[in-house]
There are 2 protein chains.
Amino acid sequence: MYERKIPLTLGCGFELVRQVVNGKWKFMLLYCLHEGITRPSAMERALPGISRRVINIQLNQLIGHGLVSKQDYEEKPPRVEYFLTDLGKSLIPFIIDLGTWGEEHKGTLQLNIV
Amino acid sequence: MYERKIPLTLGCGFELVRQVVNGKWKFMLLYCLHEGITRPSAMERALPGISRRVINIQLNQLIGHGLVSKQDYEEKPPRVEYFLTDLGKSLIPFIIDLGTWGEEHKGTLQLNIV
DNA sequence: CAGAATCCGCTACGATACTG
DNA sequence: CAGTATCGTAGCGGATTCTG
């Protein structure tokens with residue numbers, strides 16, 4: 001054998017992950033759901049700076065990717081709730097650990113990012 | 001107490017991580033380095049579809065974030081090598097585990113993404 | 001309160017060509 | 001082989017407005 005052109009058996013996995021978590025607020029939205037913040041209005045309060053449009057778009061993408069499910073109670077005034085699916089839950093440990101990693105290296109990183 | 005407006009102590013960490021790994025090929029570049037693929041030409045071969053321009057841009061960002069270091073041997077023909085810093089190495093387990101996660105749920109995810 | 005529709009600026013990325 | 005410069009494009013996300 002010569003050389004492996006694509007030595008990255010994980011490459012496909014990387015790309016899938018990248019697509020799934022691609023989006024400015026996806027991590028935080030998933031973490032909100034994990035924290036029990038299930039309603040859009042609550043997310044808007046919990047995440048200063050996010051807009052309703054982006055909440056909807058990114059939640060819908062997460063639903064499309066099978067990480068989130070939606071419950072519409074069809075009441076008036078409207079009430080809906082979003083929940084993590086099992087697949088979504090399986091991603092939470094990564095998110096928390098990555099967030100912790102970011103916190104721990106905040107000093108080093110911020111210097112460079114700012 | 002009323003309600004915590006920002007219940008996400010990890011929010012800042014999320015944001016830092018998002019900025020650091022933001023980029024289509026960052027995961028794969030970091031994984032390349034971890035695999036010992038240190039030279040740009042080798043990365044180009046290992047990652048079909050990537051361009052030299054993007055390799056340089058994203059590696060420089062990683063350097064700026066302190067995850068990667070560069071060694072220029074100042075020879076002719078030119079030869080340079082990139083390496084993971086300790087900070088960069090500390091991110092590798094996440095990347096591998098996320099790639100594995102993506103691989104494991106490929107079936108579920110691909111249906112939705114395609 | 002949930003959410004869809006519209007407009008728009010910014011950036012990332014790809015393609016290409018060029019310098020040492 | 002390494003790296004830069006330029007151009008064109010698609011998409012993300014912010015602001016705003018409107019509906020049920």
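In this text the structure is predicted, and so the values were computed from the model without any measurement. Chain letters run A, B, ... following the sequence lines, proteins first and then strands; every chain starts at 1. Just so it is clear, the values below take in all heavy atoms, side chains as well, and ignore hydrogens, waters and symmetry mates.
Note that CZ of Arg39(A) is 8.5 Å distant from CZ of Arg45(A), once rounded to the nearest 0.5 Å. Within the model, atoms NZ of Lys70(B) and OG1 of Thr85(B) stand 15.5 Å from one another, a figure rounded to the nearest 0.5 Å. Taking CG of Leu33(A) as the reference point, atom CE of Met43(A) lies at 4.5 Å (rounded to 0.5 Å). Atom CD of Gln58(B) is separated from atom CD1 of Ile50(B) by 6.5 Å, given to the nearest 0.5 angstrom.
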Under 3.5 Å, side-chain donor or acceptor atoms of residues 87-100 of chain A against the rest of the protein: list the pairs with distances, not counting sequence neighbours.
from      : atom 1 : to        : atom 2 : distance (Å)
Ser90(A)  : OG     : Leu87(A)  : O      : 2.5
Ser90(A)  : OG     : Trp101(B) : NE1    : 2.9
Thr100(A) : OG1    : Ile96(A)  : O      : 2.8

Please step through side-chain contact (heavy atoms from CB on, under 4.5 Å) for the pair Glu15(B) and Phe27(A), ending with a clear verdict.
-> CA-CA 9 Å; Glu15(B) 182 56 21; Phe27(A) 274 9; over 6 Å; no
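In this structure, Tyr82(B) reaches the sugar-phosphate backbone alone: every heavy-atom distance under 4.0 Å involves primed, P, OP1 or OP2 atoms, never a base.
Of all nucleotides in DNA chain D having an atom under 4.0 Å from a heavy atom of chain A, the first and last in 5' to 3' order are dG13(D) to dG20(D).
For the pair Leu16(B)/His105(A), no side-chain contact is recorded, criterion being any heavy-atom separation below 4.5 Å from C-beta on.
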Sugar-phosphate atoms are those with a prime plus P, OP1 and OP2; base atoms are the rest. Using that split, label each nucleotide of nucleotides 4-20 of chain C B, S or - for protein heavy atoms under 4.0 Å, 5' to 3'.
-> -BB------BBB----B
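The closest donor-acceptor contact from the side chain of Gln71(A) to the backbone of Glu81(A) lies at 3.5 Å or more, if one exists at all.
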